[in-house]
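Indexing begins at 1, ligand by ligand and atom by atom, following the structure's order.
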Amino acid sequence: MHALQARILDPRLGQQWPLPHYATEGSAGMDLRAMLDAPLTLEPGQTELLPTGLAIHIADPGLAAMILPRSGLGHKHGIVLGNLVGLIDSDYQGQLMVSCWNRGHQTFSIEPGERIAQLVLVPVLQAKLEIVDSFDDSQRGAGGFGHTGSN
Ligand SMILES: O=c1ccn([C@H]2C[C@H](O)[C@@H](COP(=O)(O)OP(=O)(O)OP(=O)(O)O)O2)c(=O)[nH]1
Ligand SMILES: [Mg+2]
């Protein structure tokens with residue numbers, strides 16, 4: 001298991017609520033919690049940036065973290081991310097923030113400590129652009145956006 005430096009910025013995390021962790025041996029993500037003082041009502045269409053009480057320093061430019069929606073919240077209640085996906089740079093040391101968007105049609109209340117999103121550590125390959133005049137031929141060429149047909 002990879003070691004990831006983390007700082008607890010809200011003392012309730014790890015005391016009142018468990019630290020982010022993998023729920024099962026095979027889990028890809030660890031859930032992030034909303035460090036709220038009171039329930040937060042999200043009206044349909046409303047977006048709020050919520051603190052997680054946690055900072056991480058990935059340090060290795062060959063890694064990044066992604067914040068992704070939880071499927072249950074997204075599918076059943078329309079609670080997804082205002083930025084669709086959060087990308088955490090390896091040199092970011094600030095608090096992990098979750099942009100919560102109620103894309104549904106019902107008001108939704110987020111409770112203090114509720115698991116609102118998940119954090120996934122992923123490999124990254126940084127590339128240096130090598131500018132060329134033309135590319136070697138490929139089977140697809142510049143075709144895209146449905147170029148291969150619909151079935
Ligand atoms: O859901 C998110 C997305 C980003 N971040 C933090 C970590 C990330 O490293 C930093 C910058 O994110 P990004 O590069 O996506 O945002 P930007 O709008 O390009 O800001 P910047 O100019 O600071 O790079 O913000 C979060 O805490 N949560
Ligand atoms: Mg950026």
Review point. Is there a side chain to side chain contact (heavy atoms under 4.5 Å, CB included) between Arg115 and Trp17 once you walk through the steps?
Key: CA-CA 10 Å; Arg115 292 177 292 146; Trp17 301 298; over 6 Å; no
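- By the definition of a contact as any protein heavy atom under 4.0 Å away, atom 21 (P) of ligand 1 is not in contact.
- Looking only at protein heavy atoms, the nearest one to atom 6 (C) of ligand 1 is Tyr92 CZ, 3.7 Å.
- No more than 12 heavy atoms of other residues, nucleotides or ligands shown are found within 6.0 angstrom of NE2 on His75.
- A distance of 13.5 Å separates NE2 in His21 from CG in Leu119, rounded to the nearest 0.5 Å.
- Regarding atom 27 (O) of ligand 1, its nearest protein heavy-atom neighbour is Met97 N, 3.0 Å.
- When only non-hydrogen protein atoms are considered, atom 5 (N) of ligand 1 lies nearest to Ile88 CD1, 3.6 Å.
- In the displayed structure, Gln106 atom CD is contacted under 6.0 Å by at most 12 heavy atoms of other residues, nucleotides or ligands.
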Practice item. For the pair Ile8 and Leu19, evaluate side chain to side chain contact (heavy atoms under 4.5 Å, CB included) and give the outcome as yes or no after the intermediate values. Key: CA-CA 9 Å; Ile8 295 171; Leu19 284 172; 3.6 Å; yes
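- Listed by atom number, the atoms of ligand 1 under 4.0 Å from Ile67 heavy atoms are 1 (O), 28 (N).
- Counted within 6.0 Å of NE2 on His2, heavy atoms from surrounding residues, nucleotides or ligands total more than 12; the atom is thus considered enclosed.
- Of the protein's heavy atoms, none falls inside 4.0 Å of atom 18 (O) of ligand 1.
- Of all atoms in ligand 1, numbered sequentially from 1 with element shown, those under 4.0 Å from a heavy atom of Gln95 are 27 (O).
- Near Gly86, meaning under 4.0 Å from one of its heavy atoms, ligand 1 places the atoms 1 (O), 2 (C), 3 (C).
- When heavy-atom distances to ligand 1 are checked against a 4.0 Å cut-off, Asn83 comes that close only through its side chain, counted from C-beta outward.
- None of Thr52, Asp31, Leu4, Leu54 except one satisfies the side-chain contact (heavy atoms from CB on, under 4.5 Å) rule with Pro20; the exception is Leu54.
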Review point. Passes side chain to side chain contact (heavy atoms under 4.5 Å, CB included), Leu96 versus Ile88? Steps please.
Key: CA-CA 8 Å; Leu96 294 176; Ile88 312 303; 3.8 Å; yes
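- Residue-to-ligand polar distances place Asp89 within reach of ligand 1: an N/O pair is separated by less than 3.5 Å.
- Looking at atom 4 (C) of ligand 1, its nearest protein heavy atom turns out to be Leu87 O, 3.6 Å.
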